[in-house]
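First the structure, in the form of structure tokens, and then the observations on it.
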Amino acid sequence: MSTPSPEQGAATAPSDFIRDIVAEHVAQGRYPRIHTRFPPEPNGYLHIGHAKSICLNFGIAREFGGVCNLRMDDTNPAKEEAEYVDSILADVRWLVRDWADDRLGLKPAGATPKAIDSQGQPDFYLGPAAGADAAGAKLEPFYASDYFEQIYTYAVALIEKGKAYVCDLSPEDTEAYRGAPDRPGRDSPFRARTAAESLDLLQRMKAGEFPDSARTLRARIDMASPNIWLRDPILYRIRHAEHHHTGQQWCIYPMYDFAHCLSDYLEGITHSICTLEFEVHRPLYDWILENLNLPRPLPHQYEFAKLIPGYTIVSKRKLIQLVNEKAVTGWDDPRMPTLSGIRRRGVPASAVRSFVIGVGVTKFISLTDMAVFEHAIREDLNKRALRRLAVLRPIKVVITNFPEGKVEELDAVNNPEDPNAGTRKIPFGQTLYIDRDDFMENPPPKYFRLRPGGEVRLKYAYIIKCDEVVKDAAGNVIELRCIADLESKTGGATAARKIKGTIHWVSAAHAIDAEVRMYDRLFTVPEPDAAGDFKQHLNPHSLEILSAKCEPSLQTAAPAQHYQFERLGYFALDPDSAAGKLVFNRTIALRDTWAREMQKK
RNA sequence: UGCCCGAUGGUGUAACGGUAGCACAACAGACUCUGAAUCUGUUUGUCAUGGUUCAAAUCCAUGUCGGGCAGCCA
């Protein structure tokens with residue numbers, strides 16, 4: 001077990017029931033190496049729920065000196081696409097970078113399981129590229145579809161042992177014969193088929209002699225089992241379809257239950273960790289492996305409760321609907337719970353990790369409060385974000401006793417949490433912009449921003465007093481005329497005066513324009529998909545676009561950099577930005593106790 | 001009405017027969033040239049009923065409530 005370095009902090013998870021099991025196996029020396037896997041189906045983009053699984057599987061690999069294979073669980077040609085494979089790889093790389101990237105199990109492009117000899121028995125194995133192998137070669141994820149040949153061999157072996165048979169029942173009849181949870185099933189009329197006949201039929205299924213669904217290969221287990229998955233489950237079905245990875249090569253495809261356990265075995269997986277709904281499949285997982293007389297140690301399945309975050313949805317089927325029906329701009333819309341959306345919004349991978357690791361691993365199904373995620377984001381960004389001054393809803397301020405045309409360069413710290421971040425200069429002139437929220441004509445008690453006749457400190461600059469409120473014909477405040485205490489500049493004679501409020505500002509003559517996208521939760525209720533149509537709970541105000549005035553240094557804002565617009569929140573540059581057009585996403589607002597106080601009234 | 005799984009403050013989790021702890025949230029205060037951050041303090045919990053035991057959140061039994069399983073999806 002590796003010792004975590006101090007800066008990894010929360011990146012190393014506390015123990016949980018799965019880690020306890022792994023630790024015991026390590027203590028017993030049960031496996032030569034701990035090997036986990038993350039096996040998404042490439043039928044959609046990865047989301048925050050997957051992040052929990054990724055961090056669990058990679059976390060275990062990194063804590064116990066093991067490896068975690070990234071594997072496409074692609075046994076259903078009808079639903080899977082290469083676009084999803086690419087996005088999955090990119091998202092996983094992003095999430096584990098600088099944390100567990102050295103544990104990421106990939107294989108040389110095109111590699112398939114090799115026939116090997118295990119203790120005198122024929123065997124197949126495909127391990128991750130390592131060392132010199134990995135250095136030069138082009139790598140790719142593992143694919144269950146790369147094992148179709150071996151899986152077929154195992155199917156033949158099962159038939160030969162009398163453990164499987166070809167069944168000619170139609171889909172409807174198969175369902176009828178299966179019975180119900182509280183009613184036993186009945187044997188298929190084809191259950192007694194001889195091994196020789198089944199072998200012949202399977203071979204002809206593979207050769208394409210039969211149409212879709214004409215026949216299936218089934219395990220011969222127990223039609224009366226109280227566990228439905230043991231009632232002669234289907235192992236293979238006929239699908240004449242183009243597969244994103246294997247093309248036209250196959251017209252029979254193994255079912256999840258048959259492919260998954262064998263994929264785990266072929267890759268030498270030791271701990272196959274999945275979500276709770278597969279718990280009832282575990283006896284089948286074990287049955288298949290145990291009935292094949294496999295020479296190497298068998299993998300075992302462990303289940304945990306998936307992450308269910310509040311005020312969003314993590315069903316791939318529903319996310320795809322939002323994308324197709326244009327409720328969002330795409331899979332990577334910053335309001336989406338997808339990893340690509342979260343990344344685009346400006347959330348660092350380290351914050352995602354600290355969140356999903358923090359919620360823990362149990363078998364208790366729970367709804368996770370998004371405040372926990374928000375806290376993780378703020379905690380992370382507070383340490384790393386560069387402070388900048390930007391005004392979201394500008395109102396003009398003229399400093400009447402400051403010389404017109406004079407420009408002062410003021411020093412501003414880049415990050416009070418990090419002295420090494422240094423300082424920058426910001427220009428100050430006679431005409432400024434401040435945020436509309438920072439002025440009130442008739443403020444409530446305890447409002448300590450600007451008011452008529454009141455004083456406020458301009459961050460890094462002067463204390464000003466509001467002399468005059470200028471309005472347009474409609475009565476809207478369009479300008480504030482203020483007098484500055486010219487001795488009160490930071491470091492000046494009266495700078496130490498106790499002024500309750502400090503606000504941000506930008507010099508009108510130097511300000512640069514930016515589009516700022518303000519995001520709110522995508523749904524208005526904690527569990528949008530609990531009942532009825534989840535789309536009726538879509539938040540109509542989940543996006544608000546603002547034209548902001550920013551301090552000039554933001555002109556060179558970098559895509560990978562995180563910013564805190566002081567007193568407002570954390571922001572990151574959006575890929576929609578172009579030369580001369582800045583677009584920022586608000587990652588998350590700062591905690592705002594004043595706003596909360598106002599809300600209460 | 002079959003089988004499997006689960007239940008600890010508002011939320012998420014820890015305690016592995018021996019002081020119910022942590023985080024988030026909430027509340028109160030301190031500090032503050034970010035009403036942020038930071039710091040201090042406060043409130044709130046073992047699903048129920050029996051049993052075993054010197055001692056039970058923990059072990060056993062029964063019940064209650066919640067979830068999963070009847071795709072040729074994963």
### Message
Less than 6.0 angstrom from the centroid, inside 45 degrees of the normal: does A/K363 satisfy that with respect to the ring of A/F304?
### Response
no
Detail all sub-3.5 Å separations between protein N/O atoms and N/O atoms belonging to nucleotides 40-48 of chain B.
none

### Query
Within the structure shown, what part of the strands sits under 4.0 Å from A/L381 by heavy-atom distance: base, sugar-phosphate, or nothing?
nothing
### Summary
Taken in chain and number order and not counting sequence neighbours, the residues that satisfy side chain to side chain contact (heavy atoms under 4.5 Å, CB included) with A/A144 are A/D73, A/D74, A/T75, A/S263
### Query
Side chain of A/A495: nearest nucleotide among B/rC72, B/rC33, B/rA74?
B/rC33
### Query
Got a sec? Which of residues 299-321 of chain A come in under 4.0 Å of RNA chain B, heavy atoms?
none
### Query
Does the cation-pi check pass for A/R388 over A/Y563, that is, NZ or CZ under 6.0 Å from the six-membered ring centre and within 45° of its axis?
no
Pairs under 3.5 angstrom, nitrogen or oxygen only, protein versus nucleotides 21-26 of chain B, please.
from   : atom 1 : to     : atom 2 : distance (Å)
B/rC24 : OP1    : A/H375 : NE2    : 3.3
B/rA26 : OP1    : A/R596 : NE     : 3.4
B/rA26 : OP1    : A/R596 : NH1    : 3.4
B/rA26 : OP2    : A/R591 : NH2    : 3.4

### Task
Rounded to the nearest angstrom, tell me the gap between atom CZ in A/R37 and atom C1' in B/rA74.
12 Å
### Message
Are the side chains of A/I395 and A/D435 in contact, using a 4.5 Å heavy-atom criterion?
### Response
no
### Query
Considering only side-chain heavy atoms of A/L590, which listed nucleotide, B/rG12, B/rA36, B/rA74, is closest?
B/rA36
### Message
Say we look at B/rA57 and B/rA20: how far apart would their P atoms be, to the nearest angstrom?
### Response
9 Å
### Query
Roughly how many Å is it from CZ in A/F448 to C1' in B/rA36, rounded to a whole number?
12 Å
### Message
Base, sugar-phosphate or nothing for A/R215? Non-hydrogen atoms, less than 4.0 Å.
### Response
nothing
### Any residue meeting salt bridge (charged side-chain N to carboxylate O under 4.0 Å, His left out) with A/E379, in chain and number order, not counting sequence neighbours
none
### Summary
What residues 234-244 of chain A contributes to the RNA chain B interface at heavy-atom separation below 4.0 Å is A/I234, A/R237, A/R239
### Whether A/H50 and A/H47 hold their rings parallel, tilted or perpendicular, with breakpoints at 30° and 60°
tilted
### Query
Do A/E597 and A/K446 sit within salt-bridge range, that is, some charged N less than 4.0 Å from a carboxylate O?
yes
### Task
Could you check whether A/D592 gets within reach of a base, just the sugar-phosphate, or nothing at all, counting any heavy atom under 4.0 Å?
sugar-phosphate
### Task
For atom CD of A/Q28, decide whether the heavy atoms of other residues, nucleotides or ligands shown that lie under 6.0 angstrom number more than 12.
yes
### Task
Using the P atom on both, measure B/rA14 against B/rG29 and round to a whole Å.
35 Å
### Query
Do A/Y256 and A/H260 make the cut of ring centroids closer than 6.0 angstrom?
yes
### Message
So if I apply the ring-ring contact (aromatic ring centres under 6.0 Å, His included) rule between A/W505 and each of A/Y460, A/F565, A/F428, which one comes out positive?
### Response
A/F428
### Query
May A/Y256 be described as stacking on the base of B/rA74, applying a 5.5 Å centroid limit and a 30° limit on plane angle?
no
### Task
Under 3.5 Å for both distances, Watson-Crick or G-U wobble, that's the pair rule; now give the dot-bracket for RNA chain B, with | marking pairs to another strand and [ ] for crossing ones.
.((((((..((((....[..)))).(((((.......)))))....(((((..]....))))))))))).....
### Query
Considering only the C1' atoms, how many Å lie between B/rC47 and B/rU53, rounded to the nearest integer?
23 Å
### Query
Can you check the A/Q564 CD to B/rA36 C1' distance for me, whole Å?
6 Å
Pairs of donor and acceptor atoms involving the side chains of residues 365-375 of chain A, under 3.5 Å and at least two apart or interchain, shall be tabulated with distances.
from   : atom 1 : to     : atom 2 : distance (Å)
A/D369 : OD1    : A/A371 : N      : 3.0

### Task
Answer yes or no on whether A/R186 is positioned over the face of A/Y177, meaning its NZ or CZ is under 6.0 Å from the six-membered ring centre and within 45° of the axis.
yes
### Query
Within the structure shown, what part of the strands sits under 4.0 Å from A/H281 by heavy-atom distance: base, sugar-phosphate, or nothing?
base
### Summary
With syn defined as a glycosidic angle within 90 degrees of 0 and anti as anything else, the base of B/rG29 is anti
#### Entry: Between B/rA36 (P) and A/D437 (CG): distance, integer Å
15 Å
### Query
What nucleic acid atoms does A/P39 come within less than 4.0 Å of, heavy atoms only: base, sugar-phosphate, or nothing?
nothing
## Note on the structure
Comparing nearest nucleotides in RNA chain B, the 5'-proximal residue of the pair A/T502, A/L169 is A/T502
### Query
Got A/R353 and A/P348 here, is their nearest side-chain heavy-atom distance under 4.5 Å?
no
### Task
Tell me what A/L367 touches on the nucleic acid: a base, only sugar-phosphate, or nothing, going by heavy atoms under 4.0 Å.
sugar-phosphate
### Query
For A/Y462, which contact category applies under a 4.0 Å heavy-atom criterion: base, sugar-phosphate, or nothing?
nothing
### Query
Under 4.0 angstrom, heavy atoms only, what part of the nucleic acid is A/S366 near: base, sugar-phosphate, or nothing?
sugar-phosphate
### B/rG35 base / A/R449 side chain donor-acceptor hit below 3.5 Å
yes
### Query
Heavy atoms under 4.0 Å, any strand shown: does A/Y253 hit a base, just sugar-phosphate, or nothing?
nothing
### Task
State plainly whether the residues A/K425 and A/D411 are in salt-bridge range, i.e. N to O under 4.0 Å.
yes
### Message
Distance check needed: B/rA36 C1' versus A/K500 NZ, whole Å only.
### Response
14 Å
### Message
Can you build the contact string for nucleotides 2-8 of chain B? Use B for base contact, S for sugar-phosphate-only contact, and - for no protein heavy atom under 4.0 Å.
### Response
BS-SSSS
### Heavy-atom donor-acceptor pair, A/S213 side-chain to B/rC72 base, under 3.5 Å
yes
#### Entry: Per A/N76 side chain, nearest of listed nucleotides B/rA74, B/rU34, B/rA70
B/rA74
### Message
How many whole angstroms separate atom CG of A/D212 from atom P of B/rC72?
### Response
14 Å
### Task
Using whole Å, report how far CD1 of A/I464 lies from P of B/rC33.
17 Å
### Query
Salt bridge check: are A/R497 and A/D485 linked by an N-O gap of less than 4.0 Å?
yes
### Task
Would you classify A/S225 as touching base, sugar-phosphate or nothing, given that sugar-phosphate means primed atoms plus P, OP1 and OP2, and contacts are heavy atoms under 4.0 Å?
nothing
### Task
Check salt bridge (charged side-chain N to carboxylate O under 4.0 Å, His left out) between A/R449 and all other residues, then give those that pass, not counting sequence neighbours.
A/D438
### Message
Between P on B/rU34 and CZ on A/F571, what's the gap in Å once rounded to a whole number?
### Response
18 Å
### Query
With A/R237, which residues qualify under salt bridge (charged side-chain N to carboxylate O under 4.0 Å, His left out), at least two apart?
none
### Summary
With sequence neighbours left out, the residues meeting salt bridge (charged side-chain N to carboxylate O under 4.0 Å, His left out) with A/R191 are A/D187, A/D232
### Query
How would you label the contact of A/T174 with the nucleic acid (heavy atoms, under 4.0 Å): base, sugar-phosphate, or nothing?
base
### Task
Compute whether any side-chain donor of one residue and acceptor of the other, for A/E408 and A/Y462, lie under 3.5 angstrom apart.
yes
## Note on the structure
From the candidates B/rA37, B/rG35, B/rU13, the one with an atom nearest any side-chain atom of A/E417 is B/rA37
### Message
Could you check whether A/E267 and A/N69, counting side-chain N and O atoms only, form a donor-acceptor pair closer than 3.5 Å?
### Response
yes
